[in-house]
Q: 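There's a structure below that I have some questions on.
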2 protein chains.
Amino acid sequence: MSHSHTVGVRQAQKQKTRQALLDAALQLLEEQSLSSLGLREVTRAVGVAPTAFYRHFRDTADLGVALVEQTLGSLHATIGEALAESGDGVRIDRTVALIAELVRTSPAHVRFIARERHGGVQPVREAIGAQLRRFADEVAAAFAREPEAAGWSEADLRMLAGVYVDLMVMTACAFLEAGPEGEEQVSSAARRQLRLMSLGRRHWLD
Amino acid sequence: MSHSHTVGVRQAQKQKTRQALLDAALQLLEEQSLSSLGLREVTRAVGVAPTAFYRHFRDTADLGVALVEQTLGSLHATIGEALAESGDGVRIDRTVALIAELVRTSPAHVRFIARERHGGVQPVREAIGAQLRRFADEVAAAFAREPEAAGWSEADLRMLAGVYVDLMVMTACAFLEAGPEGEEQVSSAARRQLRLMSLGRRHWLD
DNA sequence: TTCTCGGGAGAACGGTTGTTTACTGAATGT
DNA sequence: ACATTCAGTAAACAACCGTTCTCCCGAGAA
């Protein structure tokens, strides 16, 4: 008589090992790319039989897109907060600090996205591309709500938002490569880059 | 009694099959990443025995760094020409056109660089990073030669050059993803991005 | 010519891969 | 209480992998 929304011990255990597979894969992907990640490699790290993999994913590419959506999907809410800042200078600091904390708390996720964005697995590439396009849309919408956007064409606004998102991805990669000790240096460089873009934006309509 | 500079049939044949290995690898890497590229896979595509691979490279990672230097090394001369343009607007058109032609004539090389820049093989990542840093240095030197660079700190100039290079890599990736039909659209977007940066550069010292 | 060097061929090795098939047993619905 | 569903197991499969060893034979030096 239990309703469909009750979790049940059964489905809870299933999603538990599913998450274990995702976590193990993410860890293994720190030193290789998805197209070389083996099915057995993942199950061995978790401690389950190789065939158990098929109960959750069709292949490692399928696992990859799940990893993309879990990593980037939960980020839209966080991004919205930083974009709510109206001051141009304050938003720059907020955004860079957000990226820095993201890389600090979960570097493996960031590395995975950076690596597979242009990686060898097509479905994963497309999943990342779609998510980044969603981010750019949200940034463009936030820009459009501001008074500085007056006189801007929609295409130019979309271009500006695209540069903004790409700059943030590049900054995240720079944080990764620099390590914890070079964090402050990357931060200041990123802030200057954003300031350069902000200046260009102010004088766009001349 | 032949002098050391005479090629000889022996060394010519060796570099011939070495180049064949590089070409075959580049073609195979269009649909996968280097960390999953097999030694036998490459030799099979060329038509030589698997053991012949060891006469030229230690492993596939070694082949990767050779591929990086062959791809990016020959580009420094071409870049120098575009940077010689003094006009700010003309240089933008020249640069974007150069990237477009590069992607058109050898897309596999561009895809390889984009894919392995953050890929799973450390030595290759470092080789690409070193080459891109060289590009940024050249761009910074070209900027420093201009009158607009007056009052700029060396660090800010380096930052500007870094953004320039990263923007070009991103543009090359955009050309790849868009395909031949969307070439004009990517070109105009890239030109607007460069113009945005150029505007910010003009008002940097306020 | 004769000797040496070295790129390439061939076979074999132990190990790993993805996938299939049949099976177990505990949580679930009736 | 019983029947069913299904996540996970176990074993086997052919195919592939990187690497080692031995041999071959033509180019280049003597």
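Below, chain A is the first sequence line, B the second, and so on; all start at residue 1.
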Q: Where the side chain of A:T17 is concerned, which of D:dG8, D:dG28, D:dT19 is the nearest nucleotide?
A: D:dG8
Q: Regarding B:R111 and B:E30, does a basic nitrogen lie under 4.0 Å from an acidic carboxylate oxygen?
A: yes
Q: Counting only heavy atoms and a strict 4.0 angstrom limit, can you tell me which residues of residues 49-57 of chain A come near DNA chain C?
A: A:T51, A:Y54
Q: Keeping the roles fixed (side chain from A:R40, backbone from A:P50), state whether a donor-acceptor pair exists under 3.5 Å.
A: no
Q: Both conditions, 6.0 Å and 45 degrees, for the charged tip of B:R201 above the ring of B:F143: are they met here?
A: yes
Q: Near A:E31 CD, under 6.0 Å, is it more than 12 heavy atoms from other residues, nucleotides or ligands?
A: no
Q: Given atom CG of A:L21 and atom C1' of D:dA7, what is their separation to the nearest angstrom?
A: 12 Å
Q: Salt bridge or not for B:E116 and B:R125, using N-O below 4.0 Å?
A: no
Q: Can you tell me the distance, in whole Å, between the CZ atom of B:R18 and the P atom of C:dG6?
A: 17 Å
Q: Enumerate the residues from residues 40-47 of chain A whose closest heavy atom to DNA chain C is under 4.0 Å, giving them by residue number; use none for an empty result.
A: A:R40, A:R44
Q: Measure from NZ on A:K16 to C1' on D:dG8 and round the result to the nearest Å.
A: 14 Å
Q: Quick one: do B:R134 and B:E69 make a salt bridge, cutoff under 4.0 Å?
A: no
Q: How many Å lie between NZ on A:K14 and P on D:dC6, as a whole number?
A: 9 Å
Q: In this structure, how many angstroms lie between the P atom of C:dG18 and the CZ atom of A:R58, rounded?
A: 16 Å
Q: Less than 4.5 Å apart, side chain to side chain, heavy atoms only: is that true for B:L194 and B:M168?
A: yes
Q: Roughly, in whole Å, what's the span from CD in A:Q32 to C1' in C:dT17?
A: 13 Å
Q: When you measure from the centre of the six-membered ring of A:W204, is the NZ or CZ of B:R195 under 6.0 Å away and within 45° of the axis?
A: yes
Q: What is the distance from CD of A:Q13 to C1' of C:dG25, rounded to the nearest Å?
A: 14 Å
Q: What's the CZ-C1' distance between B:R10 and C:dG7, to the nearest Å?
A: 6 Å
Q: Should B:Q15 and B:H56 count as side-chain neighbours, where that means a heavy-atom distance under 4.5 Å?
A: no
